[in-house]
Amino acid sequence: SAADFGYGVQRGPGTWARDYEQCNGKHQSPININKMAVIKMEYPKMNYYNFDLRPKSVTLTNNGHTVLVTMNFTEGKEPRLSGGPLKIDAVYQFEQFHFHWGENDTLGSEDMINNQRYPAELHVVMRSLKYPDFASALDQEQGVVVLAFFFKVVERPLNPYYGEFVEMLSGIRGKDSSKNLVEPLPLWKFLSTYSTRYYSYIGSLTTPPCSEEVLWIDYQDAIYISEYQR
Ligand code: SG4
Ligand code: ZN
């Protein structure tokens, strides 16, 4: 059916366009970022609002494709973003974050840097407040922004902010199961430190419906996680 897609031979990315025409588009993510071809730009600084506020709740859901993390905030206290390569006057609001990982450390991330994959990648999905909801922001010019963070696996130390998170994963093995963190940490704790170096490009959602016009911001500073937390 048009509702399910996968990464195997039968339903892998090469077959998605049968059900989702946009997956054949010309500006599809993921991409390989060739550092030699990157053009250095001077952008205004990025403004991160409310990334350090504690949410009312943090929910981890197994949606059958990934661990999806949603957060509840007091109205008006949602994490927001402006500046940098974003359109002047555009403000983006946090929707959810999720992960992509693989069977081993050479697979996992979606975008590559100089043809190298990282063990995993975190995507913070945000939508422009010009649109009333996420669905209507899709397919609009820079209606959606995804902040991408690569993971590096080290022996030690443990990443303190992923402690409870990793423990919770065993509780959501079944599709559509979910759990709330006992300690709802602010969004920033799950990312790398306020990182100012990034690559940006216009691409797409990496899964069906593969909607284009998505602005990607790939941070150069990785999130460190211990091999004991994988
Ligand atoms: C994952 O499958 C998420 O579970 C999806 O989130 C997400 O779709 C999809 O990836 C594509 O997002 O940042 N990798 S990506 O381009 O955010 C959307 C949900 O299904 C629409 C909520
Ligand atoms: Zn993603």
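As the structure lists them, so they are numbered: ligands from 1, and atoms in each ligand from 1.
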Evaluate ring pair (Phe, Tyr, Trp, His ring centres under 6.0 Å) for Trp188 paired with Tyr161, printing each intermediate quantity in order. CA-CA 10 Å; Trp188 261 116; Tyr161 308 122; over 10 Å; no

With side-chain hydrogen bond (donor to acceptor under 3.5 Å, both in side chains) as the criterion, how do Ser82 and Asn47 come out once you've worked through the C-alpha distance, each side chain's angles and the decisive distance to 0.1 Å? CA-CA 5 Å; Ser82 69; Asn47 306 305; 3.1 Å; yes

Salt bridge (Lys or Arg N to Asp or Glu O under 4.0 Å) between Glu75 and Lys77, intermediate numbers included: CA-CA 5 Å; Glu75 206 180 322; Lys77 299 290 186 191; over 6 Å; no

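Aromatic ring pairs are classed by plane angle as parallel below 30°, tilted from 30° to 60° and perpendicular above 60°; the pair Phe97 and Phe190 is tilted.
Contact analysis puts Trp216 in contact with ligand 1, with a non-hydrogen atom separation below 4.0 angstrom. Heavy-atom distances between Glu95 and ligand 1 stay at or above 4.0 Å for every pair.
For ligand 1, the atoms closer than 4.0 angstrom to any heavy atom of Thr66 are 1 (C), 3 (C), 4 (O). Every atom of ligand 1 is numbered from 1 in the order shown, and the set under 4.0 Å from a heavy atom of His100 is 14 (N). Close approach to Phe134 involves these atoms of ligand 1, each under 4.0 Å from a residue heavy atom: 21 (C). Of all the atoms in ligand 1, the ones that sit under 4.0 Å from a non-hydrogen atom of Leu205 are 16 (O), 21 (C). Close approach of ligand 1 to Thr207 is summarised as follows: ligand atoms under 4.0 Å from at least one heavy atom of the residue are 2 (O), 9 (C), 10 (O), 11 (C).
A distance of 6.0 Å or more separates the ring centres of His123 and Phe99. Here Phe151 and Trp101 keep their ring centres 6.0 angstrom or further from each other.
Tyr43 is listed as a side-chain neighbour of Tyr198, based on a closest heavy-atom distance under 4.5 Å.
Residue Asn63 has at least one nitrogen or oxygen atom sitting less than 3.5 Å from a nitrogen or oxygen atom of ligand 1, judged on distance alone.
Salt-bridge formation is detected for the pair Lys87/Glu141: a Lys NZ or Arg NE/NH1/NH2 atom is positioned less than 4.0 Å from an Asp or Glu carboxylate oxygen.
The N, O or S atom of His123 lying closest to the Zn ion (ligand 2) is ND1.
Among all non-hydrogen protein atoms, the one lying nearest atom 18 (C) of ligand 1 is Gln96 NE2, 3.8 Å. Regarding atom 10 (O) of ligand 1, its nearest protein heavy-atom neighbour is His98 NE2, 3.5 Å.
Under 4.0 Å from ligand 1, heavy atoms of Thr206 appear from its side chain as well as its backbone.
In the model, Ser177 has no side-chain atom that pairs as donor or acceptor with a side-chain atom of Asn62 under 3.5 Å.
Here the angle centred on the Zn ion (ligand 2), running from NE2 of His98 over to NE2 of His100, is 100°, rounded to 10°.
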